[in-house]
Amino acid sequence: AAGTNAYEILEPWLRDIAVPPEGAKGGINKVIAMFRSNTAIVGMGLSIKTAALNLTGYFQAFDAEDVGVSRIAKHAAKFFANPPKMAKTQEYVFDKSPYMKNRANTFDRDVRSSMKSMSVKGTITPEGFSWYYLITLTDKAVTIPTWMAAYERGMKDFANNEKKAIDFADHIIRSTQGGGRDIDLS
């Protein structure tokens, strides 16, 4: 048991996760927040280099807990071979995994903050989404086939226990591709 000291450390951390601090209210803090947001847009959202780097996520996935290069390659080939079916595959994954469905909204802290400023009542505006479209697209190009491969492996390893297979596939994405949620960073 960690006791009172652990509670004193965890309690504010959990509070900040549940209700994130509002941030800058005015003056120089507001200007700095604007620069941070705009830097995230230019540095990531509009960057071909960042989008291309997303595709290297396959190399990390190839190393993942016996999911296997051939299984991932098979699902990537299947995903890209039929562009009209890509949306159905994405919908299938999103229906199975809330984690995957919400991935696009959970980039790193600066991107998340930037996107929050482009939202209305928690929904990202079309203009806000468009800034990050390319990196979102390349992220999905890696994570959807990788998730499908890990899910297939999980169904095999866990005797068709779908919940365990979904948890395993989410774990593989979280550990090989990361994200901006606190659980991804821990």
Side-chain angles (χ1 to χ4, degrees), residues 40-41 44-109 111-112 114-116 118-158 160-185:
I41 290 170
M44 291 181 73
L46 299 177
S47 172
I48 300 293
K49 181 180 172 184
T50 301
L53 282 171
N54 267 352
L55 298 176
T56 65
Y58 274 116
F59 296 113
Q60 292 166 282
F62 291 157
D63 239 1
E65 298 179 40
D66 297 323
V67 173
V69 173
S70 62
R71 183 177 275 119
I72 292 171
K74 174 183 87 173
H75 282 280
K78 193 174 172 181
F79 185 67
F80 292 112
N82 190 349
K85 195 175 175 197
M86 289 170 132
K88 287 189 186 288
T89 303
Q90 175 181 297
E91 185 179 332
Y92 176 83
V93 170
F94 288 1
D95 284 347
K96 299 262 181 216
S97 170
Y99 170 76
M100 288 294 290
K101 185 175 184 176
N102 293 311
R103 241 183 99 69
N105 298 324
T106 59
F107 291 108
D108 76 5
R109 178 198 64 181
V111 174
R112 188 170 54 222
S114 172
M115 290 182 93
K116 184 178 179 184
M118 296 179 233
S119 68
V120 176
K121 296 184 180 177
T123 302
I124 298 167
T125 63
E127 299 83 20
F129 181 75
S130 69
W131 289 114
Y132 296 102
Y133 181 75
L134 185 59
I135 60 173
T136 301
L137 190 65
T138 55
D139 179 74
K140 288 177 183 175
V142 174
T143 58
I144 299 286
T146 301
W147 191 93
M148 288 293 294
Y151 174 77
E152 177 184 278
R153 177 63 192 238
M155 289 296 280
K156 178 183 173 210
D157 287 357
F158 301 114
N160 291 323
N161 182 323
E162 189 169 53
K163 180 172 178 3
K164 285 185 178 181
I166 291 167
D167 289 345
F168 176 71
D170 287 350
H171 162 74
I172 293 299
I173 297 302
R174 202 176 285 120
S175 64
T176 63
Q177 306 307 313
R181 296 177 346 158
D182 292 314
I183 192 170
D184 302 326
L185 302 173

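Keep in mind that what you see is a predicted model, and the values were worked out from it rather than measured. Computed from heavy atoms alone, side chains included, the values below leave out hydrogens, waters and symmetry copies.
Expressed to the nearest 0.5 Å, how far CD1 of I72 lies from OG1 of T176 amounts to 7.5 Å. The distance from the OH atom of Y99 to the CZ atom of R174 is 5.0 Å, given to the nearest 0.5 Å.
Judged as a salt bridge (charged side-chain N to carboxylate O under 4.0 Å, His left out), and not counting sequence neighbours, the contacts of K74 are E152. Under the side-chain contact (heavy atoms from CB on, under 4.5 Å) criterion, F80 pairs with Y58, A76, M86, A141, sequence neighbours left out. With sequence neighbours excluded, no residue forms a side-chain hydrogen bond (donor to acceptor under 3.5 Å, both in side chains) with T89. Evaluation of the side-chain hydrogen bond (donor to acceptor under 3.5 Å, both in side chains) rule for D167 yields K163 as partners, not counting sequence neighbours. Residues forming a side-chain hydrogen bond (donor to acceptor under 3.5 Å, both in side chains) with D157 (at least two apart in sequence, or on another chain): R153. Shown here are the side-chain contact (heavy atoms from CB on, under 4.5 Å) partners of A169, two or more places apart in sequence or in another chain: W147, A150, Y151. The side-chain contact (heavy atoms from CB on, under 4.5 Å) check on K164 picks up F158, N161, with sequence neighbours excluded. Contacts of E91 classified as salt bridge (charged side-chain N to carboxylate O under 4.0 Å, His left out), with partners at least two apart in sequence or in another chain: none. Shown here are the side-chain contact (heavy atoms from CB on, under 4.5 Å) partners of F59, two or more places apart in sequence or in another chain: T56, F62. With sequence neighbours excluded, no residue satisfies side-chain hydrogen bond (donor to acceptor under 3.5 Å, both in side chains) with Q60.
Among all heavy-atom pairs drawn from V142 and P145, the shortest one is O-CD, 3.5 Å. Contact detail for A149 and H75: the closest heavy-atom pair is CA-CD2, 3.5 Å. What you find for I173 and T143 is that their closest heavy atoms are CD1-O, 3.5 Å.
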Report the C-alpha distance between F94 and I144 in whole Å, list the side-chain angles of each, state the deciding distance to 0.1 Å, and finish with yes or no for side-chain contact (heavy atoms from CB on, under 4.5 Å).
CA-CA 9 Å; F94 288 1; I144 299 286; 3.9 Å; yes

So V67 and F168, side-chain contact (heavy atoms from CB on, under 4.5 Å) or not? Walk me through it.
CA-CA 10 Å; V67 173; F168 176 71; 4.1 Å; yes

Do D170 and M100 pass the side-chain contact (heavy atoms from CB on, under 4.5 Å) test, and can you show the C-alpha distance, the side-chain angles, and the key distance before you say yes or no?
CA-CA 7 Å; D170 287 350; M100 288 294 290; 4.0 Å; yes

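Side-chain atoms of S175 come within 3.5 Å of backbone N or O of H171 as a donor-acceptor pair. Between the side chain of Q177 and the backbone N or O of G57, at least one donor-acceptor pair lies under 3.5 Å.
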